[in-house]
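The figures that follow rest on heavy atoms only: side chains count, while hydrogens, waters and symmetry mates do not. If you read the sequence from its start, that first residue is 1, and numbering goes on from there.
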Amino acid sequence: MSRVVYVNGRYMPYAKAAVHVEDRGFQFADGIYEVIAILGGRLVDGEGHLQRLERNLDELRIAHPMSRAALLVVLNETIRRNRVQDGSIYLQITRGAARRDFPFPAGIRPSVVAITRAVDMERVAAKAAQGGAAILAPDQRWARCDIKTVALLPAALAKQAAREQGAFEAFLVDRDGFITEGSSSNAWIVTKDGVLVTRDLGLSILSGITRGAILALAEAEGLRVEERRFRPEEVFAAREAFTTSTTAFVMPITSLDGRPIGNAAPGLLATKLRALYAAYAESEARGARSGSGYRTPSGL
């Protein structure tokens with residue numbers, strides 16, 4: 001657990017960290033967040049995550065609390081103070097605190113919170129080597145899932161349903177019967193013909209940073225990729241299925257609603273992409289340590 005938390009310009013003990021009772025993130029879910037992986041004490045794809053964060057702030061018309069460079073300093077200092085080598089950092093920015101009223105208040109400062117968490121990467125890798133189960137759940141989220149807001153109750157309900165059924169993830173199904181994404185991940189399948197399929201970008205899914213890296217890695221490997229909608233029936237008929245996310249990287253899904261996918265074991269392609277992404281993430285973290293900056297997997 002994080003020992004030191006950044007809250008609105010101050011680094012303070014975890015037990016004493018707090019925000020105002022009328023913070024709009026607490027009362028209206030009026031805020032956005034990012035979760036960024038940490039390897040070797042450095043951010044993975046930090047610039048990519050902050051670029052998405054800035055876009056989401058603009059979409060909600062929340063003022064940028066500081067420059068990207070300054071925010072990177074805050075994140076790296078929070079990591080340093082907590083001595084986290086491998087794990088993640090959670091960054092949340094809300095519109096700020098004001099008397100409760102629906103319209104946006106004028107003249108308030110955004111609230112900024114950063115908290116770290118250490119992760120046993122060997123344990124995550126062992127889980128990926130085994131694979132996990134998923135269930136189907138209705139997608140009950142709002143119409144702007146492309147914005148990474150703190151309004152996560154529908155996702156939490158889906159994740160809880162998965163846990164109660166002994167599953168790792170829930171694949172969300174929209175009103176038209178198509179899978180959008182996982183409750184906290186992007187969803188993928190590999191067809192019988194070896195085509196890699198994931199939902200196309202739009203308002204229905206989040207533009208995952210790990211998703212983008214996997215697409216670039218797949219392109220570099222010459223894999224056939226389709227970004228399109230797909231139904232649960234296609235998952236049941238698929239050779240493989242997996243999810244991508246910041247904290248789990250690539251996680252093979254071996255069953256859906258109790259029905260096996262493929263041979264009910266992590267697939268060859270998911271395993272390969274996980275290895276490729278792990279190597280990329282290590283390289284990207286080393287680049288952050290050396291100050292060479294953010295690079296996409298394709299080198300562009």
Side-chain angles (χ1 to χ4, degrees), residues 34-53 68 72 75-76 79 84-91 116-132 148 169 181-182 184-190 194-199 201 205-227 240-253 266-300:
E34 284 288 336
V35 179
I36 309 174
I38 303 167
L39 289 179
R42 295 297 179 183
L43 298 171
V44 176
D45 280 338
E47 292 284 350
H49 280 278
L50 294 188
Q51 182 178 359
R52 182 174 66 182
L53 179 139
R68 187 185 304 182
L72 280 169
L75 296 176
N76 286 319
I79 293 168
V84 174
Q85 287 299 300
D86 297 329
S88 64
I89 186 163
Y90 176 89
L91 172 64
T116 60
R117 175 174 294 177
V119 174
D120 185 343
M121 299 305 294
E122 291 185 0
R123 183 177 180 181
V124 176
K127 175 63 178 177
Q130 180 182 6
K148 198 173 179 72
E169 181 58 296
E181 55 189 343
S184 62
S185 62
N186 289 117
W188 304 68
I189 61 172
V190 181
V195 179
L196 191 60
V197 180
T198 192
R199 179 84 175 222
L201 293 181
I205 73 165
L206 184 70
S207 178
I209 303 300
T210 307
R211 174 190 182 277
I214 291 296
L215 284 172
L217 289 166
E219 180 182 3
E221 289 293 308
L223 301 175
R224 290 182 292 167
V225 179
E226 294 180 1
E227 294 181 70
E240 303 179 34
F242 62 91
T243 63
T244 55
S245 65
T246 293
T247 52
F249 293 178
V250 176
M251 182 61 65
I253 298 298
L268 294 177
L269 187 52
T271 302
K272 177 179 180 178
L273 288 171
R274 179 178 176 81
L276 288 171
Y277 182 79
Y280 158 71
E282 288 283 356
S283 175
E284 214 282 325
R286 286 196 301 271
R289 284 193 291 272
S290 65
S292 58
Y294 171 79
R295 300 182 302 278
T296 65
S298 60
L300 299 177

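- Between the Ser185 side chain and the Ser245 main chain, no donor and acceptor come within less than 3.5 Å of each other.
- Partners of Glu169 under the salt bridge (Lys or Arg N to Asp or Glu O under 4.0 Å) rule, at least two apart in sequence or in another chain, are Lys159.
- Residues Val44 and Ile36 have side chains not in contact (no heavy-atom distance under 4.5 Å, counting atoms from C-beta outward).
- For the pair Met251 and Lys127, the minimum side-chain heavy-atom distance is below 4.5 Å.
- When side chains are defined from C-beta on, Leu50 counts as touching Leu75, because their heavy atoms get closer than 4.5 Å.
- When the side-chain contact (heavy atoms from CB on, under 4.5 Å) test is applied to Thr246, the partners found at least two apart in sequence or on another chain are Val35, Ala37, His49, Thr210.
- The CD atom of Glu282 sits 14.0 Å away from atom CZ of Arg42, with the distance rounded to the nearest 0.5 Å.
- When all heavy atoms of Leu39 and Ala285 are compared, the pair lying nearest together is O-CB, 3.6 Å.
- Under the 3.5 Å distance criterion, the side-chain polar atoms of Asp120 are matched with a main-chain donor or acceptor of Arg123.
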- Item | Full working for side-chain contact (heavy atoms from CB on, under 4.5 Å) between Tyr277 and Ile214 | CA-CA 7 Å; Tyr277 182 79; Ile214 291 296; 3.8 Å; yes
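- Between the side chains of Thr243 and Trp188, no donor-acceptor pair is found at a separation under 3.5 Å.
- At a threshold of 4.5 Å between non-hydrogen side-chain atoms, the residues Leu273 and Leu223 count as touching.
- Across every non-hydrogen atom of Ile205 and Glu181, the tightest pair is CA-OE2, 3.4 Å.
- Of all non-hydrogen atoms in Leu196 and Ala218, the two that sit nearest each other are CD2-CB, 3.8 Å.
- No donor-acceptor pair closer than 3.5 Å links the side chain of Glu226 to the backbone N or O of Val195.
- Atoms OG1 and CD1, on Thr247 and Ile38 in that order, are 12.0 Å from each other to the nearest 0.5 Å.
- Side-chain contact between Tyr280 and Asp45 is present, with at least one heavy-atom pair separated by less than 4.5 Å.
- Within the model, atoms OG1 of Thr116 and CD1 of Ile79 stand 7.5 Å from one another, a figure rounded to the nearest 0.5 Å.
- For residues 267-279, the set of pairs meeting the salt bridge (charged side-chain N to carboxylate O under 4.0 Å, His left out) definition, not counting sequence neighbours, comprises Glu221-Lys272.
- Side-chain contact check for Val190 versus Val197: every heavy-atom pair is 4.5 Å or farther apart.
- In terms of the salt bridge (Lys or Arg N to Asp or Glu O under 4.0 Å) criterion, residue partners of Arg68 (sequence neighbours excluded) are, by chain and number, Glu47, Glu54.
- Here the side chains of Leu72 and Leu43 are in contact, with some heavy-atom distance below 4.5 Å.
- Under the rule for a side chain to side chain donor-acceptor pair (under 3.5 Å), Glu240 has no partner lying at least two apart in sequence or in another chain.
- Residues satisfying the side-chain contact (heavy atoms from CB on, under 4.5 Å) test with Leu53, not counting sequence neighbours, are Ile32, Glu34, Leu57, Leu71, Leu91, Ile93.
- To the nearest 0.5 angstrom, Glu227 atom CD is 7.5 Å from Thr198 atom OG1.
- Minimum interatomic distance between Ala270 and Phe242 (heavy atoms only, all atoms of both residues): CB-CD2, 3.8 Å.
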- Task: Walk me through it: do Thr271 and Val250 pass the test side-chain contact (heavy atoms from CB on, under 4.5 Å)?
- Result: CA-CA 8 Å; Thr271 302; Val250 176; over 6 Å; no
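- Counting heavy atoms of neighbouring residues, nucleotides and ligands inside a 6.0 Å radius, atom CG of Leu268 does not exceed 12 of them.
- Side chain of Arg52 to main chain of Ser207: a donor-acceptor pair is present (N/O by atom type, distance under 3.5 Å, no hydrogens or angles).
- The backbone N or O of Ala279 sits nowhere less than 3.5 Å from a side-chain atom of Ser283 that would complete a donor-acceptor pair.
- Under the 3.5 Å distance criterion, the side-chain polar atoms of Asp86 are matched with a main-chain donor or acceptor of Gly40.
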